[in-house]
2 protein chains.
Amino acid sequence: MIDQPESNGTTLRDAEPGILAGSAHPLEVDARTAESLKLWVVLSRAQAAVSAHVAADVQRSGLTLTEFAILEALYHRGAMLLGEVQRRILVSSGGITFLVDRLVAKGLVERQECPSDRRARYAALTPDGEALIARIFPGHASMIARAVSTLSAEEQQVAVKLLRRLGRGAVALAREDVNEGG
Amino acid sequence: MIDQPESNGTTLRDAEPGILAGSAHPLEVDARTAESLKLWVVLSRAQAAVSAHVAADVQRSGLTLTEFAILEALYHRGAMLLGEVQRRILVSSGGITFLVDRLVAKGLVERQECPSDRRARYAALTPDGEALIARIFPGHASMIARAVSTLSAEEQQVAVKLLRRLGRGAVALAREDVNEGG
DNA sequence: GTCATGTATCTTAGAACTGAGAAGATCATG
DNA sequence: CATGATCTTCTCAGTTCTAAGATACATGAC
């Protein structure tokens with residue numbers, strides 16, 4: 001976590017990427033591009049702000065955000081191949097090995113062989129892991145609800161629609177680039 | 001970056017936190033909370049997806065995202081105290097020392113004494129640093145505009161308003177918690 | 001069969017941080 | 001001016017993760 005969490009009340013203050021009036025440099029982009037830059041900034045800051053809440057909550061159970069994401073995925077989806085978990089929580093292949101190792105050491109997760117493919121392994125919750133996630137998930141959920149409660153239910157629905165489209169669009173664009181560039 | 005970027009076309013696929021139909025467990029939260037959880041998931045995924053574009057772009061100049069954020073802040077705001085930069089780009093106090101050291105080693109940034117407070121140091125762009133950021137910023141800006149172009153200009157404005165309020169609200173809530181808890 | 005290619009996980013080195021605390025400077029107060 | 005509280009940066013050990021390659025298995029063409 002970032003230290004000096006309050007200092008002078010300007011932590012996480014509004015972005016104002018400096019492109020606007022009062023900048024040390026003249027305007028360099030048109031208004032439309034400026035709005036896109038602002039979107040990128042507020043998107044990152046909102047995510048960081050909510051993430052700080054979630055991380056603090058999860059940390060009280062002795063878990064990192066990423067560890068919790070794995071437990072939650074296994075809880076709600078059942079056992080999954082390591083590669084599936086990896087793509088779902090967006091870490092590298094080395095990262096998923098590292099994380100599952102750590103959860104195994106904590107006794108929360110176990111590896112299981114895959115009968116149809118001897119390269120692959122399942123990750124599955126142990127009884128301890130299932131008990132832990134079942135115990136903390138409800139509080140976790142209401143904690144998130146509180147963290148985003150600045151938006152009304154209707155506004156949250158609008159935000160979900162826009163963000164889902166934004167995310168999907170960015171992923172699709174990245175795939176296009178890969179296909180054209182490679 | 002995460003490897004296996006395409007594999008089976010389901011990377012970054014839609015979240016569906018597993019709380020809905022077909023889950024291995026019964027519904028555990030009400031619809032309102034489920035929508036908040038979904039907001040948290042799509043927020044994180046959208047941020048990650050756009051961030052991947054930005055990081056790839058910036059990496060072509062031999063910079064990390066965080067290094068670029070520092071250069072951009074100094075470019076648009078002029079020299080800043082290390083603590084100001086730290087709060088602006090959201091890293092730890094150790095992190096800002098580390099990052100500025102690295103930018104100094106690259107010849108892009110220099111430290112300057114603060115005449116009114118001998119504890120403090122300014123970070124300022126060197127001519128090389130200024131030339132670099134001036135050269136890459138326009139392309140960077142249009143690259144971001146492209147990454148978020150799935151949303152129309154009007155939708156981007158709506159998203160900015162909602163995300164700004166969401167971020168501010170979450171930060172305010174965190175401060176409340178600190179004041180009550182400490 | 002066997003060869004080439006692709007896939008799934010693991011290993012390793014090291015990059016990019018965080019967190020705790022030290023050291024020095026400043027500020028507020030009596 | 002003391003004295004203590006608070007900043008500001010820096011140090012350093014440790015954590016979390018990435019990238020690249022290794023290993024082992026699978027799959028399809030021949």
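Chain identifiers are assigned alphabetically (A, B, ...) following the order of the sequence lines, protein sequences preceding nucleic acid strands; residue numbering begins at 1 within each chain. Just the heavy atoms: all of them, side chains too, but no hydrogens, waters or symmetry mates, feed the values below.
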### Message
Has B/Ser44 got a side-chain atom pairing as donor or acceptor with B/Trp40's backbone, closer than 3.5 angstrom?
### Response
yes
### Task
May I ask you to decide whether A/Arg119 forms a salt bridge with A/Asp117, counting only side-chain N to carboxylate O separations under 4.0 Å?
yes
### Query
Between A/Arg165 and B/Glu155, is the closest basic N to carboxylate O distance under 4.0 Å?
yes
### Query
For A/Leu65 and C/dC17, what is the distance between atoms CG and P respectively, to the nearest whole Å?
17 Å
## Note on the structure
Sorted by chain and residue number, the side chain to side chain contact (heavy atoms under 4.5 Å, CB included) partners of A/Thr66 (sequence neighbours excluded) come out as A/Thr64, A/Ile89, A/Val91, A/Leu99
### Among B/Val109, B/Val100, B/Ile70, the one residue meeting side chain to side chain contact (heavy atoms under 4.5 Å, CB included) with B/Val85
B/Ile70
### Task
Rounded to the nearest angstrom, tell me the gap between atom CG in A/Asp101 and atom C1' in D/dT18.
16 Å
### Message
Can you measure A/Leu82 atom CG to C/dT7 atom P for me and round it to whole angstrom units?
### Response
17 Å
Quick test: give all pairs of protein nitrogen or oxygen and nucleotides 14-16 of chain C nitrogen or oxygen below 3.5 Å, distance rounded to 0.1 Å.
from: C/dA16; atom 1: OP2; to: B/Arg102; atom 2: NH1; distance (Å): 2.6

### Charged N-O contact under 4.0 Å between A/Lys106 and A/Glu67
yes
### Query
What is the distance from CD of A/Gln86 to P of C/dC10, rounded to the nearest Å?
11 Å
### Message
Tell me whether A/Arg111 is salt-bridged to A/Asp101, with the criterion being a basic N under 4.0 Å from an acidic carboxylate O.
### Response
yes
#### Entry: Of residues 109-126 of chain A, the positions that come close to DNA chain D - non-hydrogen atoms, cut-off under 4.0 Å
A/Asp117, A/Arg118, A/Arg119
### Query
Roughly how many Å is it from CG in A/Leu81 to P in D/dA26, rounded to a whole number?
13 Å
### Task
May I have the distance from A/Leu90 (atom CG) to D/dC17 (atom P), rounded to whole angstrom?
12 Å
### Query
Taking all atoms of both residues into account, what is the closest heavy-atom pair of B/Leu108 and B/Leu132, and its distance?
CD1-CD2, 3.8 Å
